[in-house]
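Down below is the structure, laid out as structure tokens.
Keep in mind the model is a prediction, meaning the values are calculated, not measured.
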Amino acid sequence: MKIATWNVNSLKVRLPHVLDWLAANQPDALCLQELKLEDKGFPVAELQAAGYNAVFNGQKTYNGVAILSPHPLEDVVRDIPGFSDEQKRIIAATVNGVRIVCGYFPNGQAVGSDKFEYKLRWLGALTEWLRAELTAHPRLVLGGDFNIAPEDRDAHPDWKDEIHVSAPERAAFTALTALGLVDAFRLYDQPERAFSWWDYRMGAFRRNFGLRIDHLLVSPALQPACRACTVDKAPRKLERPSDHAPVVLDLEV
DNA sequence: ATGGCGGGAGAATCCCGA
């Protein structure tokens with residue numbers, strides 16, 4: 001089973017890239033973030049024609065998440081239960097007996113800002129929900145744009161801002177791994193300076209000035225099935241790319 | 001020191017992302 005996550009920064013603009021990527025990679029589940037469209041504008045027919053079902057949780061202009069799969073998507077949950085939030089950042093579904101939680105984590109803007117406080121509250125609510133979700137669904141993958149670089153090696157050495165690498169954000173990431181979830185990317189040898197996001201400005205992709213902020217976390221019950229986890233930089237090299245690249249997990253299930 | 005790119009909404013000297 002192949003599970004991937006990709007922040008597409010507007011599904012309307014990136015739909016051709018997504019369709020090409022689906023055809024080339026044939027994932028069993030693809031988590032998308034930053035759709036930037038309302039549910040009534042979701043490209044259901046185009047994806048269906050490509051052989052993919054979709055569940056989605058969108059809003060105008062900002063945020064928005066979806067899970068695509070050629071298989072049935074069951075037991076769909078939208079938003080973090082019990083957490084009051086206008087922003088559409090969570091969708092979960094079960095595919096072939098694997099619980100998939102797709103999240104677009106808040107950016108946080110700047111350490112200490114109101115948006116940063118929201119980010120930490122959101123992370124706390126997510127963690128408590130996942131504690132229960134893991135009990136109900138031991139075979140679980142949490143995928144998405146976390147907007148957190150978990151370790152120093154996950155940010156370019158010249159990264160100057162504190163946001164995405166601050167101690168409170170990393171503590172929140174550690175709270176997720178304390179549930180038993182493991183960062184699948186770090187189960188394997190990886191190239192140095194492996195990132196999943198590069199700023200559009202400053203020739204950042206060409207210089208590999210980036211962050212690794214898109215992750216696939218795997219529950220204990222699924223960890224023995226993990227076989228590989230990689231960043232696919234190919235879509236970042238296309239015309240009019242997303243600023244993020246897909247991260248792909250291979251599971252032997 | 002600043003903004004640098006890109007998407008979106010809608011007409012801004014705009015907002016937001018990471």
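- Side-chain nitrogen and oxygen atoms of A:Arg14 include at least one within less than 4.0 Å of the OP1 or OP2 phosphate oxygen of B:dG7.
- B:dT2 sits 27 Å from B:dA12 when the P atoms are compared, rounded to a whole Å.
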In 5'-to-3' order, the base (B), backbone-only (S) or no-contact (-) status of each nucleotide in nucleotides 12-18 of chain B, using a 4.0 angstrom heavy-atom cut-off, is ----SBB
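- A distance-only check finds no donor-acceptor pair linking the side chain of A:Glu252 to the backbone of A:Arg227 [under 3.5 Å].
- Comparing B:dC16 with B:dG10, their P atoms are spaced 14 Å from each other, to the whole Å.
- In this structure, A:Arg206 atom CZ and B:dC5 atom P are separated by 13 Å, rounded to whole Å.
- Side-chain contact annotation: A:Asp79 with A:Asn57, donor-acceptor N/O pair under 3.5 Å present.
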Could you walk me through whether A:Phe105 and A:Asp145 pass the side-chain contact (heavy atoms from CB on, under 4.5 Å) check?
-> CA-CA 6 Å; A:Phe105 293 41; A:Asp145 175 0; 5.8 Å; no
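- Taking atom P in both B:dG7 and B:dA1, the straight-line distance is 30 Å, to the nearest Å.
- With both ends at atom P, the span from B:dC15 to B:dA9 equals 16 Å, rounded to whole Å.
- A straight line from CD of A:Gln59 to P of B:dG7 spans 19 Å, rounded to a whole angstrom.
- At least one donor-acceptor pair closer than 3.5 Å links the side chain of A:His17 to the backbone N or O of A:Glu239.
- One can place CD of A:Glu38 at 19 Å from P of B:dG7, the figure rounded to the nearest angstrom.
- Within the structure, every side-chain polar atom (N or O) of A:Ser10 is placed at least 4.0 Å from both OP1 and OP2 of B:dG6.
- Environment of CD in A:Gln59: crowded, with over 12 heavy atoms of neighbouring residues, nucleotides or ligands closer than 6.0 Å.
- The partner of B:dC14 is B:dG8, judged by Watson-Crick or G-U wobble contacts that both fall below 3.5 Å.
- Residue A:Leu30 shares its hydrophobic cluster (ILVMFWY side chains chained together at separations under 4.5 Å) with A:Trp6, A:Val8, A:Leu11, A:Leu15, A:Val18, A:Leu19, A:Trp21, A:Leu22, A:Leu32, A:Leu35, A:Leu37, A:Phe42, A:Val44, A:Leu47, A:Tyr52, A:Phe56, A:Leu68, A:Val248.
- Counting to the nearest Å, the P atom of B:dG6 and the CZ atom of A:Arg240 are 9 Å from each other.
- Atom pair A:Arg207:CZ and B:dG4:C1' shows a separation of 11 Å (rounding to whole Å applied).
- A:Cys102 and A:Val65 get closest at one heavy-atom pair: SG-CB, 4.0 Å.
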